[in-house]
Each structure stands twice: as structure tokens, then as C-alpha cells.
Amino acid sequence: MRRRRPLPVWAVGLAALALLAMVGKAGAETLLRARLNADIRSTDPGTNRDANTDGVMAHVVEGLVAFRDDTSIGPMLAESWAVSNDRKTYTFRLRQGVKFHNGASMTADDVVWSLKRWLDPATQWRCLSEFSATGIARIEKIEAPDPLTVAITLDQPTALFLPTLARPDCGQTAIIHHDSVGPDGKWIAPVGTGPFRLGEWKRGQYVDVVKFDGYVSRSEPRTGYTGAKDVKVDRVRFNVIPDSSAAKAGLLSGSLDVIMSLSIPDLEELKTRSDVQLSITPALGLTGILFQTRDPLLKDVRIRRAIALSIDTAQIVEAIMLGTARPNNSALPLGSPFYSEAQSHGYTQNIAEAKKLLAEAGYRGQPIKMITNKRYSFVFDASVLVQAMAQTVGINIELEVMDWAAQLDRYNRGDYQSMAFVYSARLDPSLSFEMLTGPKAAQPRKVWDNPEGQEMLRQSMMIDDVAKRQALFDEMHRRFIADVPMIVLFNGAELTALRKSIKGYAGWLYPEPRFWGVTVE
Amino acid sequence: MLSYLARRLAMTIPTLLLVAVAVFALVRLIPGDPVQVMLGDAADPAQAAQLRAQLGLDQPIPVQFVHWIAKLAAGDFGHSITNDLAVLPLILDRFQVSAVIVLVAVGLAACIAVPAGLLAAWKQNSLLDLSVVGGATLLLSIPSFWLGLLLLLLFGLKLKWLPVIGYVPFAENFWQAATFIVLPIATLTMVEIGVLTRMARAASIEVLRLEYVTHARAKGVPEWRVLARHVLPNAFAPTWTLIGLVLGHLLGGIAVIETVFTLPGLGRLLVDSIFARDYPVVQGCLLFTAVIYVVVNLVVDLCYPLFDPRVTVA
């Protein structure tokens, strides 16, 4: 009989290693890797910020209310709210059991402290001016009658109070714990209530957000920045990758899971890949051609109208966006609940009419300078196509390509004849018109200087009756189309590429990602 | 030697001052400012004015300049406008990344280019010469971002030998760090080989025509010894000057490589800051690069006698 020999040491070692590896695998954290095209600016939401900062911080902090998928306002940290009869006092009932990232429970005192901090000029909150004399309304009182109730009193009624609180660029007017700042009031790091807490931020390289185990989710389905926020990964790493080719290589090699804000050429290229899936969502941005209505030549509405009639918006949008976006001549974005039948009437190409208008205006081929940029390739493409189409009726447009900061300078000073421009998303229809409407003498960046338009805009900001607001927006649209202060072309689309292993991702009207409800298989 | 060093150092002061004035003026001359970039298409005039006052941008430009210079004299490069970090530590941190890549790449390029140039000159008009010149011209003509992307696609995506994105400092994990910078270094080396080979070849051809080479050959000195002892040291001197120039150039021009390979280096910092109109960082980066340029050229000049004994530093 042969005696069984003991296993050699190396075999025992190997087995142990294998076992360890398996245990290690079972305990390994799930990591979701997304791309940012530039680093975030700070971790202080709604102050030192840009779109990337807003997108990352939306995972970490929350406000009383938030935008839903359809841009209506839903409750977030508030359970509900009531508005007084004079429509000046909002009383919020807070959700019970909400925890901050440091374990403390959220109370009305935290809400009062946070709001007062935002309203302190030293904080430099982006949206402070909205609550100043020239803004939507001034906040007169913030009170906490009991630990779960907060009452805010305004000096005048406004339809924009809740939408402003919810604005992502205002940092959603986040409710944060006072440990977020030091004793000197200086910002340290956000101690918020979001489904993720802030992890490591290596400047220029990446910023991590880590699953917050103490998160108490809402129960209704995920919608916009509210609803259920069920986190299914341990960590999300936002990698800073400025070059889009490098980002694509990262996705295809498997070292990156998600690329947001794809360009159209990138989208076309990734379409054919079997290991990649695409998410295409209508977005709220607005691309169009602005005219300086105080320019000696372009102050003649017939010339502006002739340009509008010389172009075929649908053809331009198809050529640039390759089916990912639809044409829209209205200041209200497609997808807005206020986009009605009235808004669908825009400019229809009419070469004969355009030529007639030009002849009436006495236009004899004088050059019209159009500023454009290559930072947003679709803006540049749009300007080239508009130039070509206008040429067919004899309009002589000369393009002037600038870097974005230089173009913004000209835009803010109103120092241009015409420019191809892109506006960032506005979530409320009044705000969509507000970015275009105003007196040029006081605000040179405004394109539509029409006193009646301004009065209707003011009313739309005060009234919160939906039907009345709708009527105002319809009338403003009709006048806007007649005045042709600009030609709105399209709203664009939010294009995201994901590896096939990512499930549960959904884009929405606001062009920022949401990584709750998302799994990595 | 010491007096030469002192004189050279003294001469750098007006140079750097001129650079400072030029940098400051140029940066302010570009339209747009950090406030506009920050506020984007929703720049409320009151808010913009407040922000501008806070950043000191509402002061007259000469006043801003004096403030900046006064702070610089105390070694304070100021604070970044976009992320409120001190500029000098930010630059030094990013500089490490760029410096490693540039130094290694230029060193490698010199090691390959100088012998290649020498051989091509020695066998002038032969097939070898033709291929060296052809290869160098090809490398010179390829845009560095395109070459970088090709390498990235080949080694990162197709072969999967190297990671495609990311960066780890050497202090953290040496081998991992190495895998991240192999491709950037390879790209830069290939680009620089082109320039340096042609320079080394031209210098060698000139030396090969000199009488002492003919004399050495006539004496019966073996050919390899002629090349190694007589031609190489004399041909290396002009190439060495060029290496100095290339080093200085690259610190400014490495931005493309850093962008393609997502490296947090000085070049990318500079480009990002220009687009954001982050004045203190742009000024700091340019001034810092100027200092590096001056220092590199000084070191090159000081090392010159080592390669060419006819030159003395005094």
C-alpha cells in the first residue's frame, strides 16, 4: 500500500492564494468610471462652479426641491410645502430621518443655517442676485417654527421661487451641515445629504464620490434630480480627460465606463461598436444666430427676416446633428411642458420672399460679420451652413472664428453684427425668455429689446397660473418670430456612450449624468 | 568661472523682468476675462462687477502689475482664480510630471540621434544616409498629437499592453507610473530624434571635412577611432546647444502630449488656464518656463567646455 504523500508546500500556497483571490473578488468594491472633459472648480456647490462642478456635486448635495424629468418641480428634502394666500410665504415640511454624511439628522435649523449662508454676500453664491432688488424677489424672513418646518417669506409673489431654489447652477440651494465650513466660515468640504459623499479629489486627475450608507431614499421612482436615489455601486470616479480621442480609447479599452457630452462625430464612430451602448436624450441648450439689432445694417428687420427666410432649419439640424435633434425656432426648448402648437410655428424657407425683402431694404451685398467658435463644433457647423444658405439669396456673411472667452466678451458687450451662439440649459420657460429679453442700454448682452416683450416676461415671472403663463409664452413667441432678434435653430441632444456592462443609466432634459440607479455588471 | 556665472545670473534679471512685463501685458490684451468665463452666458452685470472687484480686476492695469511684481519679489506667485490654489505649488507639482517626460525623452533622443547623425554623415549619400535622413524628415513632419494617438491606439487599444488613460506619481507606485509615461516619452523621443539627427548629421559632415580628420586618417588611425575620438566630440558641441534649446521649447510645447495622454503636467495647466483666462496661473506658468529656459541655457553654456576644450568660460 502506498502512503499518501502530504501536499507540497507550493500547492498549499497556491490554493491559499486562490482562496484569497476569491474572497478578495467577493469583497471587491464596484467602481463606475466616468469621464469629465475638464476638472471641477471647487466642492462648494453653486459658488465657484461650472457645468462639470454642478454635475458632480449633484451626487453629493440636495436641496429642498428639485427638477423632475419634465422640468416641473418636485419635493426633495422637503416632504411638501404650502403657499400662503398672498403667495409670499412658502412653508416647507421637511422629510423625517434624513441624515447628513457625518451622521447628524437634518433639522429645520440646518435648513435655516444653509439658506442664510447662501444669502450672505461673503459666500458668493451664484444665485444671490436672483434674491436681490433686481432679481425675482427678495427673501425677507427665514424661520423654523418647529424642527421639521421652515417658512420663507418673500417681498413679492413670483412663479420662479421654487425653480430658482432647484436650479442646478445654484447648487440646488443645497442644504448642508455647518461642519462644511470651518469656524472662520471658510469652506472645507460638503457635508451634504446626497446619495454619495465626496471621496478623494486629485486635481487635474479625478474626483471620487463614494456611496453613502446612511442615505434615506425617497420612495417615488427616479425623476430628474428627485425621486428614489438607489445607489448600486460603491464608488464613482470622474476621470478628467480633456482629449475626446483619449476618452474614446479609454472606453473601448475598458478602462472607462461612461463618456458624457459626446460630439456627433464621436457618436457616429461608436455606433458600430458591439461593446458600447448609446444614450441619446433631447437637451435644453439652445443654438442659434444672434443679430445686433442696433447695427446700422441689421437694425432693418427686413434684412434679419431675409436671413431667416433664406435658411432651411430642418436641413441644417439634420446635417449637423444627424438625427439626434429636431429643428426648433422657438426660445422655448422642445420638451418643455410649455412648448405648445404656437411654438411650432417658426420660419419657413422662402427664397423669393427673402430676395424681395432684401430689395426693399436696399441691401446691396454689404458684408455681415458673424462671430463663431470651434469650442462647440455644432456652433461652428451651424454658422457655416447659415453662411452658405444666406449666400443663395445674395447675403454676404463673413465668419470670424474666436475662442470662447473672447466671444463671450463680445457677447456681453453686445459688440457684434451677428454671432452663432449656444446658450446653456434654462429649466423654466420664463428663464428661457429672460436670457434673451431686456433693454440693451442697461444689459448689452440681451438680444430682444422689446418693451412689450419685457412686460410679458415680467408677468410670466409673477403669475403661477399655468394657462395664463402659457398664453403669455405663446404671444411672446409670435412677437419674437416677427422681430427676428435671433434665429433659434435647435436645442441639441445629450449624447452618452456607455460600456454594455452598465445598466440602468438614463439621460434627461438637463445635460448632466445621474449615477444612482446604475449598476456595473 | 565664478565671475562668469555671476555675470550671467545678473544678466538674467532684466531678461526675466522683460518677460514679466510682456507676459502680463499679453495676458491682459486677450479679450475676455475670468469673470466672463466663470459666469458664462448668464453674466449678471452687478454680479460680474462684484466678482471682478473681489479678484482685483477692477483696478487699473498698472496697479495690478505693481501688485503682482511686489508679490513676486516676496516669492508669492498669487492664487489661481479658478480654484483658489496657490500658483507656485501648483506649478511645481505639475512641473514634475512634465520634467520627467521631457528629460527622459530628450536624453533618449540624443542617445539615438547623435550616433545616427554621425553614421549618416560618415556614409554620406549612401543608402544608410538616405534612410537616416528620410526617417528623420518623416519624424519631423508627423504632428506629435497624431503620433501620440497612433501609439495610443496600437499599444493601448489593439495590443492592450499599456494603460490608455490615467497617471500615477512615481513616488506612489514606480512600475505603474512607468507604464503610464512610456507612450508619452516614446512620442516625444520620436519627434525630437528628427530634429537632433539632422543637426548631428550636418555638424558631423562639417567636421569630417576638416584637415585634422584627413590628417588622422593619413596617419593610419583606424576609422572607428577617427569617428569616436575626432569627429564625435567636435560634432556634439553644436548638437548640445540644440539640446538646450529643445529642452526649453518642450516645456512650453508639451501641452499636446499631456492632453493626448491625460497627464497632469505643466503644459496642460497652461493651456487650460489660458482658456479659463486664469491670469495668475498663466503668468506664473510663463514666467516659470522663462526661468527654466534661462537656467537650461546657462547650464548648457557652462557645460560647453566639457565637449569643446577650445571654448573657455571666463
Side-chain angles (χ1 to χ4, degrees), chain A residues 33 35 38-42 48-51 121 124 126-130 132 134-135 169 187 202-206 239-243 245-256 375 402-413 421-424 426 431 434-435 442-445, chain B residues 30-48 50-51 54 80-85 90 93-94 97 145-146 148-149 152-153 155-160 162-169 255-256 258-265 268-269 271-272 274-277:
Chain A
R33 299 151 305 173
R35 175 220 184 185
D39 203 355
I40 61 171
R41 277 174 180 259
S42 76
N48 187 1
R49 58 154 293 280
D50 57 10
Q124 298 166 35
R126 172 185 177 81
C127 297
L128 180 62
S129 58
E130 301 295 344
S132 70
T134 54
D169 60 325
W187 182 255
K202 276 220 162 151
R203 289 179 195 256
Q205 294 181 53
Y206 59 81
N239 292 284
V240 181
I241 307 169
D243 187 67
S245 306
K248 256 184 304 177
L251 185 79
L252 296 176
S253 71
S255 46
L256 203 60
R375 168 167 159 158
M402 288 189 176
D403 98 301
W404 181 237
Q407 182 174 5
L408 270 177
D409 181 53
R410 298 285 287 273
Y411 164 78
N412 278 322
R413 287 193 284 123
F421 197 73
V422 56
Y423 287 96
S424 54
R426 301 293 195 278
L431 297 178
E434 191 275 337
M435 71 189 178
Q443 299 176 59
R445 73 186 161 105
Chain B
I30 327 173
D33 66 23
V35 171
Q36 286 178 341
V37 179
M38 240 182 256
L39 297 178
D41 60 27
D44 175 65
Q47 197 183 7
Q50 188 207 346
L51 210 56
Q54 211 168 13
S80 157
I81 289 172
T82 47
N83 52 29
D84 199 34
L85 289 176
L90 185 66
D93 186 42
R94 299 295 189 93
V97 180
F145 76 90
W146 192 68
L149 277 177
L152 194 79
L153 290 179
F155 294 102
L157 215 57
K158 281 269 175 281
L159 301 171
K160 295 193 192 292
L162 293 164
V164 173
I165 45 166
Y167 170 77
V168 172
V256 173
E258 287 172 354
T259 304
V260 171
F261 293 103
T262 24
L263 297 171
R268 221 181 89 196
L269 178 69
V271 172
D272 290 348
I274 291 175
F275 282 129
R277 301 289 192 272

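Numbers restart at 1 for each chain; the letters A, B, ... are given by sequence-line order, proteins then strands.
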* **Heavy-atom contact with chain A under 4.5 Å, split by part of B:Phe275** => both
* Mind checking ring-ring contact (aromatic ring centres under 6.0 Å, His included) for A:Phe421 and listing every partner two or more places apart, or none if nothing turns up? => A:Trp404, A:Tyr411, A:Tyr423
* Contacting region of A:Ser255 [heavy-atom separation from chain B under 4.5 Å] -> both
* Residue part contacting chain A, namely of B:Ile81, when any heavy atom lies under 4.5 Å -> backbone
* So what's closer than 4.5 Å to chain A heavy atoms on B:Gln47: side chain, backbone, both or neither? -> side chain
* Would you call B:Tyr167 and B:Val97 a side-chain contact if the rule is heavy atoms closer than 4.5 Å? -> yes
* Structure fact -> Note: vs chain A, highest number of non-hydrogen pairs under 4.5 angstrom among B:Val37, B:Thr82, B:Asp93 is B:Thr82
* Below 4.5 Å from any heavy atom of chain B, which atoms of A:Arg126 appear? Answer side chain, backbone, both or neither. => both
* **Part of A:Lys202 lying under 4.5 Å from any heavy atom of chain B** => side chain
* Who wins among B:Asp272, B:Ile30, B:Leu85, B:Leu90 for the most heavy-atom pairs under 4.5 Å with chain A? -> B:Leu85
* Should A:Asp50 and A:Arg41 count as side-chain neighbours, where that means a heavy-atom distance under 4.5 Å? -> yes
* Asked: Between A:Asp39 and A:Gly204, is there a donor-acceptor pair closer than 3.5 Å when you use the side chain of the first and the backbone of the second?
  -> yes
* Which atom pair, heavy atoms only, marks the closest approach of B:Val164 to A:Ala249? -> CG1-CB, 3.4 Å
* Asked: Of all of B:Ala276, B:Gly156, B:Gly40, B:Ser80, which one pairs up most often with chain A through heavy atoms under 4.5 Å apart?
  -> B:Gly40
* To do: Go through the atoms of A:Arg413 and report whether side chain, backbone, both or neither lie under 4.5 Å from a heavy atom of chain B.
  => neither
* To do: Measure from the side-chain N and O atoms of A:Arg445 to the backbone N and O of B:Asp41, and report whether any donor-acceptor pair falls under 3.5 Å.
  => yes
* Structure fact -> Note: vs chain A, highest number of non-hydrogen pairs under 4.5 angstrom among B:Leu153, B:Leu39, B:Leu51 is B:Leu39
* To do: Indicate yes or no: at least one non-hydrogen side-chain atom of B:Asn83 is less than 4.5 angstrom from one of A:Ile40.
  => no
* Structure fact -> Looking only at B:Pro163, B:Pro34, B:Ala42, most heavy-atom pairs under 4.5 Å shared with chain A are made by B:Ala42
* Nearest 0.5 Å, what's the CZ-CZ distance between B:Arg268 and B:Arg94? -> 6.0 Å
* Which answer fits A:Asn412, side chain, backbone, both or neither, if we ask what part of it has an atom under 4.5 Å from a heavy atom of chain B? -> side chain
* **Proximal component of A:Val240, with respect to chain B [non-hydrogen, under 4.5 Å]** => both
* Got a sec, which residues hit ring-ring contact (aromatic ring centres under 6.0 Å, His included) with A:Trp187, two or more places apart in sequence or on another chain? -> none
